[in-house]
Amino acid sequence: MADAPRWYQTTAIDYPNSRPHIGTAFEKLGADVQARYRRQEGYEVFFLMGNDENTVKVAKKAAELDQDPKAYCDEMARQFQEVWRALEVSYDDFIQTSDKRHQDGCRKFIQKVHDNGHIYKGTYEGLYCEGCESFKTEKEIAESGGVCPDHKVPPVRRSEPCYYFAQSKFQDQLLRFYEEYPDFIQPESRRNEVLAYVQGGLQDVNISRTGQNWGIPIPFDPQFTIYVWFDALLNYVTAIGYGSDEERFRKWWPADVHFIGKDITRFHCALWPAMCFAAGIEPPRNVFGHGFVYVKNEETGVTEKISKSLGNVVEPMDIISKFSAEAFRYYFLRECPFPGDGEFSWQRFADVYNADLANYLGNLYSRVITIIAKNYDGHLVADSDAEPGVIYTQVDLETTVKQVEGHIEACRYNQALQAIWQQVLVPTNQYADRKEPWKLVKTDKEAAKQVMLDLVEQLRAVSILLKPFLPKTAETIYRGFNFPQTWESVCCEDVWAQSRRATDLRVTAALEGGKVKALFPRIA
RNA sequence: CGCGGCGUGGAGCAGUGGUAGCUCGCCAGGCUCAUAACCUGGAGGUCAGUGGUUCAAAUCCACUCGCCGCAACCA
């Protein structure tokens with residue numbers, strides 16, 4: 001048997017100076033669906049996440065709390081992972097950029113780029129705030145009326161020695177690269193932005209900082225630390241053994257996809273591949289810049305960007321404890337198009353929860369099980385030669401499965417879910433109403449049984465299709481019956497390839513008073 | 001003229017050349033197996049505007065108006 005195809009994917013690493021909010025979670029969910037889908041379809045998957053810790057902000061925050069920065073980072077990493085686990089994000093590794101493995105790999109990488117002649121010493125001149133002890137951009141200063149936005153004092157022009165990464169040398173190579181791999185930047189709409197940016201001329205990047213005792217010292221000049229962006233991007237390679245385990249590194253690199261927020265597209269589509277060129281490694285195959293989640297202000301009806309200053313930050317746990325992790329996953333994956341933007345509101349959440357999860361999905365599961373339990377003692381013996389009923393008039397199940405797979409592969413999760421609801425759940429409820437097995441069972445128990453087998457078959461299909469999206473719910477539905485294949489091994493193709501295999505179908509879900517526990521209890 | 005995106009019934013979205021579609025909400029009816037769920041029917045849109053291309057445009061082109069994101073470290 002041939003080796004399984006490999007799939008290496010990452011998410012952006014997060015600053016741990018505040019806890020994750022629903023926007024941060026959105027990215028991890030989108031990535032998680034992809035990882036689960038690839039695993040299910042037979043790929044050997046490595047799914048990396050992590051935290052970005054070598055920034056001044058983190059050191060400051062730790063100092064405020066009178067904590068050691070590393071201890072602070074470790075505690076935050078624990079808290080982040082607690083949230084990711086609660087959301088059933090199936091990451092394989094979690095890297096912290098304050099980890100030794102990252103710092104060692106990082107130094108090797110920058111040394112390599114230096115040895116290859118792409119780093120040179122120069123001077124950086126800019127507006128410096130003595131309060132912040134850091135440079136400010138012209139824009140920042142201009143926006144706050146000529147003073148530092150934090151300290152309200154005018155900055156001074158200052159120049160200091162630094163190291164530059166010769167990004168400009170790679171401009172042509174980058175443009176050729178985009179041309180050769182037109183799918184590199186996803187979604188398509190972000191492509192023009194990056195092209196225009198690179199065509200507009202790349203500048204060399206100052207990749208060093210001085211006077212910081214938190215961060216990674218530059219190996220060839222330890223009084224400098226590595227600029228946080230240069231360091232952060234390297235997590236994608238240090239996590240898989242760059243500089244320490246060549247075999248492992250070669251196994252996984254290049255990454256199949258980096259999932260990132262649309263705001264950092266440029267770093268990933270220009271700076272990062274240029275860094276790869278400079279170090280003599282391949283660039284990643286794909287960068288996917290997802291959209292943002294905005295929050296609808298329930299009072300004013302205005303859609304706002306999530307921000308601390310607006311006080312509209314919603315944390316995942318707020319929602320998980322009121323509803324469930326599965327509902328959380330469903331809402332964001334269904335309501336917010338991954339390539340574009342979406343919005344959250346409690347009202348909308350409740351509407352979607354009741355309509356899609358409680359009514360269409362949960363209720364179908366309940367009614368099917370109850371009928372079988374009541375009338376057949378939870379046991380249907382199927383005739384192997386019985387003709388399945390005609391459920392679909394527009395699109396058949398196999399076509400739907402293929403559409404869903406296409407949508408997942410393109411990260412159009414909302415459209416995948418929409419297809420499952422519109423093309424499977426809706427017709428199944430319609431079919432049940434047309435056939436009325438609860439009436440039919442009184443006059444023709446055999447015919448009613450065939451209808452029930454058809455309905456169960458639909459539930460089996462739904463559970464498989466939902467496997468990457470709602471792992472727990474899908475498993476509960478699947479395990480509600482004694483389907484022959486194991487849950488772990490079931491994949492999309494089985495929807496049609498393994499249909500109607502059960503000749504001795506039993507309801508295995510736990511029943512109480514002849515009824516099954518609601519998958520999603522309605523919210524008032 | 002910095003770059004880019006968006007503007008479709010009350011709300012949220014799909015639809016990229018050929019009789020305007022989905023979910024929620026609303027109105028009426030049906031059903032009663034089911035989580036007051038499910039099914040059927042209905043009201044509601046000049047697809048931001050103007051001009052153009054075409055036998056035919058929400059869909060292509062031009063311009064106008066409105067909203068938003070990015071512009072080297074706030075997912």
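Every chain is numbered from 1 and lettered A, B, ... according to where its sequence line falls, protein lines coming before strand lines.
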If we call it a pair only when both distances are under 3.5 Å in a Watson-Crick or G-U wobble match, what pairs with [N]?
N: B/U59; answer: none
N: B/A36; answer: none
N: B/A20; answer: none
N: B/G44; answer: none
N: B/G7; answer: B/C65
N: B/A72; answer: none

* To do: Over all heavy atoms of both residues, which pair between A/I306 and A/G23 is shortest? Give the atoms and the distance, please.
  => CD1-N, 3.9 Å
* Under 4.5 Å between any side-chain heavy atoms of A/K374 and A/W438, yes or no? -> no
* Could you tell me whether the side chain of A/L357 reaches within less than 4.5 Å of the side chain of A/L519, counting heavy atoms only? =>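 No, every pair of side-chain atoms sits at 4.5 Å or beyond.
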[X] side chain, from C-beta outward: closest of [options]:
X: A/Q422; options: B/A11, B/C22, B/C33; value: B/C22
X: A/K262; options: B/G69, B/A75, B/U35; value: B/G69
X: A/Y227; options: B/A14, B/A72, B/A75; value: B/A72

* 5′-ward residue of the pair A/A358/A/Y294 relative to RNA chain B -> A/A358
* Nearest-nucleotide 5' precedence on RNA chain B, A/T24 against A/D204 ->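 Final value for this comparison: A/D204.
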Using the [atom1] atom on both, measure [N] against [M] and round to a whole Å.
N: B/C70; M: B/A75; atom1: C1'; result: 14 Å
N: B/C26; M: B/C3; atom1: P; result: 47 Å
N: B/C47; M: B/C38; atom1: P; result: 32 Å

Once you round it to whole Å, what is the distance between [atom2] of [N] and [atom1] of [X]?
X: A/R334; N: B/A14; atom1: CZ; atom2: P; value: 9 Å
X: A/N429; N: B/C31; atom1: CG; atom2: P; value: 18 Å
X: A/N363; N: B/A37; atom1: CG; atom2: C1'; value: 4 Å
X: A/I13; N: B/C74; atom1: CD1; atom2: C1'; value: 15 Å
X: A/I264; N: B/C73; atom1: CD1; atom2: P; value: 13 Å
X: A/F349; N: B/C24; atom1: CZ; atom2: P; value: 17 Å
X: A/Y197; N: B/G2; atom1: OH; atom2: P; value: 19 Å
X: A/Y365; N: B/C38; atom1: OH; atom2: C1'; value: 18 Å

* Does the aromatic ring of A/W229 sit over the six-membered base ring of B/C73, closer than 5.5 Å centre to centre and tilted less than 30°? ->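 Given the distance and angle limits, no, they do not stack.
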* Asked: Should the ring pair A/Y236 and A/H268 be called parallel, tilted or perpendicular, given that the plane angle runs from 0 to 90° and is split at 30 and 60?
  ->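 The arrangement is tilted - the two ring planes meet at 30° to 60°.
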* To do: To the nearest 0.5 angstrom, please state how far the CG atom of A/D341 sits from the NE2 atom of A/H290.
  => 10.5 Å
* Can A/K445 be said to sit on top of A/Y376's aromatic six-ring, NZ or CZ under 6.0 Å from centre and within 45° of the ring axis? ->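 Judged by the rule, A/K445 and A/Y376 form a cation-pi pair.
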